[in-house]
Structure formats: C-alpha cells, structure tokens
Asks: 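Would you mind keeping the following structure in view while I ask a few things?
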Amino acid sequence: MAVDIVMPQMGESIFEGTITKWLKKPGDKVERDEPLFEISTDKVDAEIPSPSAGVLKEIKVGEGQTVPIQTIVGVIDAGGSAAAAPAPAPAKTAVPAPAPAKSPAAAAPAPPRPATPALAAAPVAASSASSSSTSERIHSSPLVRRMAKEHGIDLSAVEGTGAGGRISKQDIEALIAAGGAPAAAPPAAYSAPAPAASSRPAPPPPAAPGVSGGQVHVALETAVPREKMYFGNYEVQPMSAMRQRIAEHMVASKRVSAHVYSVDEIDMTKVASLRAKSKDEFEKRYETKLTFMPFFVKAAVAGLRAYPTLNASLDGTNVILHKEINVGIAVALDWGLLVPVVKNADEKNILGIQRNMNDLAERARSKKLKPEEVQESTFSITNPGVFGGLFGLPVISQPNVGILGLGAIEKRPVVINDSIAIRSMCYVTLSYDHRVVDGAIAHQFLHKVKETLENWSEPVL
C-alpha cells in the first residue's frame, strides 16, 4: 500500500516549507515516526517523522525546494521491501530534478502568468499601510506580506498560484523579478510593457534588481548555485534555507527600525560569587546547570516592568504595549540562529527560567522546537559574551523594539571609593528602535538592569 508523505503545517500562520535534507533515500527501510526529512519554515527548523513503516519508494520534492503545505513530497511503500526495490531508479532521476528548478524559479515563465495582471495594478499598490490592511483579508503568509510591504506590492492585485488561490513566496519573487516592484512609481509608463514581462526574454533582469534595487531575497534565491563550486583560489557555497531566512529578517529589521545603541558596564561580582557558591548544589538538587543567563533575564524583567515602552511593538502608527513579558533568547546553532521564547518570564524564578531555557536550547539543537515556541517574544536577549566578545551591537528581532546584548564577564581593575579593586565586570548593550524608544528611557532601563544585578538579593536555592 502506498502512503503519501506530505509537507506538514508547522503552525497556524505557516503555509509553506523548504525541504533542507532527506535523511533517507529511495529504497531505504523506514520505521513509523522515524525522522524522514528536515524542513525549514519562516519560524523554525524541524525533523519530520515518517507517517508509516515501510520502504521509501519515491522522493517527489528534492532538497532546497519550497512547497505549500499538504504537498505530497514523497511516497512510502507500506506493503513490503522487495516490491520497492525497483523504485530507486526512477527516484534517482527525481532527486536531481529539483537542482535546476531553483535557478529557473525566478526566470520560469509559468509563475509570472497568474501575476501578470498585477504588473499594471502593482503600481497602484500604494502605501505600506493600505498594503498591510488589504493583506489581512487574503490568503498569504507573514513572510509574503512582509515582502509585499517592503516592495510596495498590493497583494489584493496579485493572483496566487498556491492551494486555494494562496499567494506564495514564489509568486511575489516572480513579480519582483518581472519588474513589479520598480514599476510602483510610474504606473502609466509601465502598464504598456506589462505583457512583455511575462514573455520569455524578460526573466534575465532579476540579477540587476537584486543588486541595484536592494532586493536581497531575489539574489539569495537566484544568484547562489545549488551545489558547491570550486574556482582557482576560492569556493562558492549555496546559502542554506535558514541562512536565507536570517538574511531576509535582518535586512528587513535594519530597513524598518531606526537602530540606536546604548552601552553600560555592570559589576557582576555579587552575582558571580553567588553563582560560584551555589552552582554545584543547584545542579545536584535540580539536575540542571546554573548559568548567568537567568540572572540577566530577571534583571531585564525588572527593567521592562519599570519602563514598559521597551516591552512593546509597533503597528503602523500605533504602539502596542504588551502586558506579558516574553523574552526571546538567541541560541547559536551549527547551521544558524534561532530565538526561542521564554513565555511569561516575569512569573518564573531563577530555576524556572533556567529549566525553560535549557529545554528550549536543547530542542532547538535537535530540531524539535514547535513554531509557537519561537513566536510572540516582546523583548530579546543575545549573548556574544559566551564566545568571548567584549560587547556587540545586535540587530533588533522584529517586531520587538529592543534587544539586550551581553558581553563577556571578566575580571578587571576598577576604582571603588578611590581604591583600585578587582571586580567581575560585564558590558551590556541595548539596541532600541528610536521610533518608539528615546535615549532617556533606554539609559534608565539599562540603569535598572545594572542596579538589579549589582544589588542582587533573590536566593537561587
């Protein structure tokens, strides 16, 4: 019996996924719930288990391809083993097929056809406010809405090629590649050549907009080879799906938020002494290590309570002040970066925060995170100091308006009461969105964080 393998929906707002790696090849035996392939979405990377025991008969969607949810990506023969033996031959021809599919994705004539009417309508696309309000009433993902907003594309004028008329990432990229975004300024001048945009000669220009027009995601998809290429004294590697997502998010954040940075120095001697004295007993009693991060989370919570402007997000001209304090903690992975979220951090003690963080970090590294566990952060913390960095200037994680960067904790000579003493010192950096947060609030927030840590009084055992 043939069992279809489908692209799962990894969250309510996720409607497509990219297969980053097949863990099995055609002809391999698989057990039910055994990891079968890895996917990358807007929110999280995950291993997808096999829906049935049997033999992997066919791979329909190759590595690196992005498809809508519920798309059949492969087939399992649940009946037996010998019957599936001839399957690998056709499957091998199916696996390489996706390789050239990526580069023609921006140039293939098929995707632009449904979007052709939008070329004349896209210039009427107007302001980001009207685009965002319209996109709420149509079938599209948050990534698609953000891309449309960045390039001034009116989603109501785009005909989607996805399931049920859903507008996919490929639809937007095809429109941009065909010249939809630059046409936003002169509507009349561009409506005449619109038919030519769907003709075969039009696709070559994507490289130019990708460079001169700042359309970074187009360049990421089309300019990078799908396999490593070696030249005289250098090597060209394709960006992973996660790396592409990170690039899109970071560029969008720098474009959207007015980044400003404030730096302070904190005497961590009291906290360092408490941790050194308690960490062995803490690990023995609770079976988890005690790190410095829970102390910084608690201090950040104190700062956010005192200055709620930093526990906010911006929606058009409205500032949304969140009642919950959900702290995103950046986790460095071998293949990229994720920011799982400690929900309701203000309700947890040191032990609760440490356990929650350890669990999220472990499942992030084993690709077991759920999409909702990397969503709804109201503030973020990143720790370049764990790699020895003195301090960093992090990019704000959207839609937050602030992120705290932690430097290395190291002993330095400092002046205390006109005497020189050796103290455990740490630089902290606050990156904040100047559209919402002013410098006075930023420095008061940092002072509250500093005050909380230097005068720590909460027990850890």
Side-chain angles (χ1 to χ4, degrees), residues 3-25 30 33-52 56 58-76 94-95 97-99 101-103 105-106 111 139-148 160-174 217-218 220-222 224 226 238-249 252 333 335-340 363-375:
V3 177
D4 290 336
I5 307 165
V6 300
M7 175 64 72
Q9 183 167 15
M10 297 298 292
E12 290 184 5
S13 62
I14 297 175
F15 299 99
E16 61 186 12
T18 301
I19 294 183
T20 55
K21 183 178 182 182
W22 279 95
L23 304 175
K24 298 288 184 179
K25 61 182 183 295
V30 294
D33 296 328
E34 181 182 5
L36 189 56
F37 60 98
E38 296 177 358
I39 68 169
S40 178
T41 70
D42 290 354
K43 305 297 182 185
V44 69
D45 282 11
E47 288 181 345
I48 305 304
S50 172
S52 171
L56 181 58
E58 182 181 2
I59 291 176
K60 291 180 176 288
V61 177
E63 295 177 357
Q65 285 191 285
T66 301
V67 293
I69 59 169
Q70 303 308 318
T71 298
I72 297 175
V73 299
V75 178
I76 289 177
V95 176
K102 195 86 171 190
S103 53
H139 297 296
S140 63
S141 69
L143 173 63
V144 166
R145 292 195 292 272
R146 189 183 73 243
M147 290 170 62
T161 59
R166 178 171 298 281
I167 300 172
S168 69
K169 176 183 171 185
Q170 284 82 1
D171 292 330
I172 299 298
E173 288 177 344
H217 59 277
V218 176
L220 291 174
E221 292 289 341
T222 60
V224 179
R226 291 190 54 76
M239 292 180 79
S240 67
M242 174 180 276
R243 195 76 255 163
Q244 293 179 42
R245 301 293 182 274
I246 292 171
E248 290 170 359
H249 293 172
L333 308 171
W335 57 92
L337 181 76
L338 282 177
V339 187
R363 287 191 293 112
R365 294 186 179 100
S366 60
K367 300 186 178 180
K368 303 294 185 186
L369 280 180
K370 300 173 184 175
E372 58 268 24
E373 291 173 324
V374 293
Q375 298 176 11

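Hydrogens, waters and symmetry mates play no part in the numbers below; they use all other heavy atoms, side chains included. All of these numbers come straight from a predicted model, not from anything done at the bench.
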Asks: What closest approach, in Å, do Ile246 and Leu337 show between heavy atoms, and which atom pair accounts for it?
Replies: CD1-N, 3.5 Å

Asks: With a 4.5 Å limit on heavy-atom distance, are the side chains of Thr18 and Arg245 in contact?
Replies: yes

Asks: OG/Ser40 to CZ/Arg243 distance, rounded to the nearest 0.5 angstrom?
Replies: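 So the gap between those two atoms works out to 11.5 Å.
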
Asks: Work out which heavy atom in Arg363 is nearest to a heavy atom in Lys370; give both atom names and the distance.
Replies: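 Closest approach of Arg363 to Lys370: NH1-N, 4.4 Å.
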
Asks: What pair of heavy atoms forms the shortest contact from Leu36 to Pro51, and how long is it?
Replies: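 That would be CD2-CD, 4.4 Å.
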
Asks: Distance from Leu56 atom CG to Trp22 atom CH2, nearest 0.5 Å?
Replies: 6.0 Å

Asks: Near Lys21 NZ, under 6.0 Å, is it more than 12 heavy atoms from other residues, nucleotides or ligands?
Replies: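 Atom NZ in Lys21 is not crowded, with 12 or fewer foreign heavy atoms closer than 6.0 Å.
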
Asks: Using a 3.5 Å distance criterion without hydrogens, assess whether the side chain of Glu16 forms a donor-acceptor pair with backbone atoms of Thr66.
Replies: no

Asks: Testing the basics here: between Val30 and Ser50, what is the closest heavy-atom pair and its distance to 0.1 Å?
Replies: CG2-OG, 3.8 Å

Asks: For residues Leu23 and Pro35, report the shortest heavy-atom separation together with the two atoms involved.
Replies: CD1-CB, 3.6 Å

Asks: Provide the closest heavy-atom pair for Gly62 versus Gln65 in the form atom of the first, atom of the second, distance.
Replies: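 Looking at all heavy atoms of both residues, the shortest contact is N-OE1, 3.0 Å.
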
Asks: Using the rule salt bridge (Lys or Arg N to Asp or Glu O under 4.0 Å), only one of Lys368, Lys367, Arg365 pairs with Glu47; which is it?
Replies: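 Testing each of Lys368, Lys367, Arg365 against Glu47, the sole residue satisfying salt bridge (Lys or Arg N to Asp or Glu O under 4.0 Å) is Lys368.
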
Asks: For the atom pair OG1 (Thr20) and CD (Glu38), what is the distance rounded to the nearest 0.5 Å?
Replies: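 The CD atom of Glu38 is 5.0 Å from OG1 of Thr20, to the nearest 0.5 Å.
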
Asks: Just how far is it from atom CD1 of Ile5 to atom CD1 of Ile48, taken to the nearest 0.5 Å?
Replies: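 These two atoms lie 11.0 Å from each other.
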
Asks: To the nearest 0.5 angstrom, please state how far the CG atom of Asp4 sits from the OG1 atom of Thr71.
Replies: 11.5 Å

Asks: Take Val73 and Met7 through the side-chain contact (heavy atoms from CB on, under 4.5 Å) test and state the conclusion after the steps.
Replies: CA-CA 6 Å; Val73 299; Met7 175 64 72; 4.2 Å; yes

Asks: Can you list everything that forms a side-chain hydrogen bond (donor to acceptor under 3.5 Å, both in side chains) with Gln70? Sequence neighbours excluded, please.
Replies: none

